[in-house]
Amino acid sequence: MKTRLLFLFLSLALFSFQATEPLRVFLIGDSTMADKVPADFPETGWGMPFAHLFNEAVEVQNHAYNGRSTKSFRREGRWAKVFQQIKKGDYVFIQFGHNDAKISDTSRYAAAQTDYRENLSRYVKETRSKGGIPVLLTSIQRRKFDSTGTFVDQHGEYPQVVREVAKQEKVLLIDSEKISRAQIEKLGPELSKKIYLHYPAGIFKKFMKGVVDDTHFSVYGASWMAQAVASAIFDSNEALRSFLKKSAFSQKYQYELPLVAGTAFKKDTFSIVSYGAKSSPTFLNTSAIQQAIDLCSAQGGGVVNIPAGFWLSGPIVLKSHVNLHLESGALLQYSHQSKDFPLVKTFWEGVEAIRAQSPISAFKATNIAISGAGIIDGAGEAWRPVKKGKLTGGEWANLVKSGGVLNESKDTWYPTAGALKAANLDRPGVVAAGWTIEKAQEIKEFLRPNMISLIECEQILLEGVTFQNSPAWNIHPLLCKHVTVNQIKVKNPWFAQNGDGIDIESCEYVLVKNSSFDVGDDGICLKSGKDEEGRKRARPSAHIWIDQCQVFHGHGGVVVGSEMSGGVHDLFVSNCQFLGTDVGLRFKTARGRGGIVENVYIRDILMKNIAGEAILFDMYYQGKDPLSTFGNGEEKPVIAAMPVNDGTPQFRSIWAERIRVKGAATGLLIRGLPEMPIRQIKLQDIEMECEQAYRAIEADGIDLEQVIFIKNKNIKSELYHVQHWKFSGKELTLDK
């Protein structure tokens, strides 16, 4: 990071002048690079998104054209149009090969070791003759696997010729063939399809009969390739790297932000009414909805439509290529009867466990969605225990009158005696504790399901729908990749125990945007497994961007942990508001968890009425504060360090900037372990109104730059066992 910051400083110094004209980048090549017209959608050349990865001082001209080779590009006069424009300092990116290999087409064919080699050298030399800077790129690999799943190379000698010419002419080489091949092999035969054009009939106008094209890019594939080329530029010594566009996060470039593959569905519509569904508060539509989903998926996918009305259901399973769409005015209401929800083996709080089947679940599904403007209600009141102190007298009386049982002290309500029994057991339902489906039947109502459970799924869209009243967590993607959450509302009663909004667990490439959460526990939560089981799974939550979201109430706004044993990294949070949450930004863990949370980037956060800490880093979650007397003037106790092992968690390399807080008990609380301090936290351009400014215990490398704490109580800020503390802001106390 220090090297990168130094580079940025030098770049600003070198390129702070006012240019009279932009630096130009000319792209010449074939269809994998070329611009496409709207009618070609979703086919995309990587040169299209590439242009957006540079700042305004760069003009990218894409002259690549479908089907061209080194020979035909010149013969048709396309190179002449580029050549006459080149000026000193301009770049020319040269990528040919696919069409040069077409031996049956004399207008394009250029033998690898003779004409192709000579043509490349000629493009390089002519670019230099005008003062331009040539860049050579090997051609993109085509996706092909044999019957055993082994990748099959189709490029022959051409990529190696490019490498040799680049070495001979001493020009920058971007080895696109090597980069794309590595990604194709990493993803494998099935998942690599999303890079290219693999769509069934009936989705896109150009490909109404379907398309299987392993040469040309999808929108996602083109964007991924553009990022890879930008990354190669940054790793080079070329001056062009100085013009790469910075993202909204000052520590990152645009090309480094998470890239999420989207979904696409056939327009075929399967109405649940056609399969026997009835709008009724008493008719159970489980089989009708499931039949529509199963038939839709079996026929290549499409839309399962839930029209306006009251639709009562038991648990349903979402299948690949199905978009479950709720029209405006549709209420998908889940049953209040536990008998409608069989027990299944799944996961709960990071470990394998027996739970009631989720109202909506999917397992190893690809290209799925829940969309529309309707409401999904999980009937959480039939499952949740409720504490007396969280209800008014009248609400409590009505709840007790409705049935259920009370605990011995008469201050907590449970739906059944079995649920009460389980509340007093150690690890109820946990498989490692010996629980089986048969054994768990007697405590079934305690084993509350998460409302939306998506396990090992790929390319998911949740959009527009209101998800409310979940029995436990509301939305739980686990071990999923490429998840988009957009414009949803998540609601639970404020007293809902375990009523989290969304728990993203061991997932990669996730975008949560334009959504609101008003819940009874953590709002937007990142997890990755618990303790030894989570470390053994070794699947971090990574490449996640949370943007333009609001959290009303809840224990935390954006939360990491406490089950984070597989690690969390490359998390981006921006333009969010936390209004009335217990904690704003909440990072929590404990000894025994293990895992590393690092490379977290936060900016533009607004908070109001935070009951506890605006920003919290805590390694004593659910454990007694070893410094419970810290701050009252008494002698501070000695905290024993424990041996560092696999169960020792780590928080490090976290940046937060442009945060404003109106009302919090504590502005910043850092509570690390003696054996593992919390490290490398940078807060910048922050203003907080709070009672206590900061309290830091066991930390190293904490930098508060332009941070202003405005205290409305005269509570002293404190540091204990903190090294390399830097505070360049102010701590003010309001006059009473």
Side-chain angles (χ1 to χ4, degrees), residues 387 389-392 395 466 468 474 488-502 512 514-526 546-561 573-588 602-618 621 625 631 656-671 683-696 704 707-717 729-736:
K387 295 179 180 179
K390 293 190 174 182
L391 300 181
T392 66
E395 289 171 335
T466 296
Q468 70 175 34
N474 208 307
I488 68 168
K489 294 180 181 178
V490 179
K491 299 174 66 178
N492 271 335
W494 72 271
F495 55 80
Q497 291 183 227
N498 306 115
D500 295 21
I502 183 169
V512 181
N514 305 320
S515 297
S516 66
F517 303 81
D518 193 344
V519 296
D521 207 311
D522 291 328
I524 305 170
C525 196
L526 289 302
I546 300 164
D547 185 51
Q548 297 284 358
C549 291
Q550 301 82 42
V551 181
F552 305 89
H553 303 107
H555 293 338
V558 169
V559 181
V560 174
V573 183
S574 56
N575 303 303
C576 292
Q577 299 84 45
F578 310 140
L579 307 170
T581 56
D582 293 348
V583 179
L585 296 162
R586 187 184 191 197
F587 294 74
K588 54 181 179 176
I602 303 167
R603 64 167 292 128
D604 293 304
I605 307 296
L606 306 179
M607 306 186 205
K608 182 181 178 182
N609 296 340
I610 305 300
E613 298 83 10
I615 302 175
L616 169 68
F617 302 96
D618 186 12
Y621 177 66
D625 185 347
E657 59 185 335
R658 295 168 59 104
I659 296 175
R660 301 294 183 265
V661 180
K662 175 68 174 178
T666 304
L668 170 66
L669 175 58
I670 301 175
R671 191 161 58 170
L683 307 182
Q684 185 175 8
D685 187 10
I686 292 173
E687 186 174 342
M688 300 187 186
E689 181 192 279
C690 49
E691 295 178 2
Q692 183 183 34
Y694 56 82
R695 183 168 177 248
L704 279 60
V707 177
I708 300 174
F709 297 103
I710 303 171
K711 301 190 298 182
N712 50 39
K713 288 189 178 181
N714 192 20
I715 301 176
K716 183 180 178 182
S717 299
K730 298 178 181 179
E731 186 177 342
L732 308 172
T733 302
L734 292 174
D735 295 330
K736 296 295 184 179

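Quick note: numbers below take in every heavy atom, side chains included, and nothing from hydrogens, waters or symmetry partners.
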- Task: Could you walk me through whether Ile710 and Leu734 pass side chain to side chain contact (heavy atoms under 4.5 Å, CB included), step by step?
- Result: CA-CA 7 Å; Ile710 303 171; Leu734 292 174; 3.5 Å; yes
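- Lys711 NZ to Gln692 CD: the interatomic distance, rounded to the nearest 0.5 Å, is 7.5 Å.
- Every residue two or more places apart in sequence or in another chain was checked for a salt bridge (charged side-chain N to carboxylate O under 4.0 Å, His left out) with Lys716, and none qualifies.
- In this structure, Ser515 OG and Ile502 CD1 are separated by 8.0 Å, a value rounded to the nearest 0.5 Å.
- For Gln497, the side-chain hydrogen bond (donor to acceptor under 3.5 Å, both in side chains) test picks out no residue, with sequence neighbours left out.
- Checking Ser574 against Asp604 by side-chain atom types alone, no donor-acceptor pair falls below 3.5 Å.
- Of all heavy-atom pairs spanning Ala614 and Met688, the tightest one is CB-SD, 4.0 Å.
- Residues passing the side-chain hydrogen bond (donor to acceptor under 3.5 Å, both in side chains) test with Glu687: none are found, sequence neighbours excluded.
- Smallest separation of non-hydrogen atoms from Asn474 and Lys491: ND2-O, 3.8 Å.
- At a threshold of 4.5 Å between non-hydrogen side-chain atoms, the residues Val661 and Phe578 do not count as touching.
- Remark: Asp685 pairs with Arg660 by the salt bridge (charged side-chain N to carboxylate O under 4.0 Å, His left out) rule, at least two apart or across chains.
- The number of heavy-atom neighbours closer than 6.0 Å to NZ of Lys390, taken from other residues, nucleotides and ligands shown, is above 12.
- For Asn514, the side-chain hydrogen bond (donor to acceptor under 3.5 Å, both in side chains) partners two or more places apart in sequence, or in a different chain, are Asn486.
- Checked against side-chain hydrogen bond (donor to acceptor under 3.5 Å, both in side chains), Asn492 has the following partners two or more places apart in sequence or in another chain: Ser470.
- Note: Ile686 CD1 to Ile615 CD1 = 4.5 Å, rounded to the nearest 0.5 Å.
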- Task: Output, in order, the C-alpha distance, side-chain angles, deciding distance and verdict of side chain to side chain contact (heavy atoms under 4.5 Å, CB included) for Val573 and Ile524.
- Result: CA-CA 11 Å; Val573 183; Ile524 305 170; over 6 Å; no
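- Minimum interatomic distance between Met607 and Ile659 (heavy atoms only, all atoms of both residues): CE-CG2, 4.1 Å.
- Within the 4.5 Å cutoff, no side-chain heavy atoms of Leu683 are placed close to those of Tyr694.
- To the nearest 0.5 angstrom, Gln550 atom CD is 10.0 Å from Leu606 atom CG.
- Between Val512 and Cys549, the closest heavy-atom pair is O-SG, 3.7 Å.
- Side chain to side chain, Asp518 and His553 meet the donor-acceptor criterion of an N or O pair below 3.5 Å.
- Distance alone, capped at 3.5 Å, is enough to place a donor-acceptor pair between the Thr581 side chain and the Val583 backbone.
- In this structure, the separation between CZ on Arg658 and CZ on Arg603 is 4.5 Å, given to the nearest 0.5 Å.
- Of all non-hydrogen atoms in Phe709 and Gly667, the two that sit nearest each other are CE2-CA, 4.3 Å.
- Side-chain contact check for Leu704 versus Leu668: some heavy-atom pair is nearer than 4.5 Å.
- In this structure, Asp547 CG and Asn575 CG are separated by 5.0 Å, a value rounded to the nearest 0.5 Å.
- Salt-bridge annotation for Arg671 and Asp618: present, with a side-chain N of the basic residue lying under 4.0 Å from a carboxylate O of the acidic one.
- Of all heavy-atom pairs between Ile715 and Glu691, the closest is CB-O, 3.8 Å.
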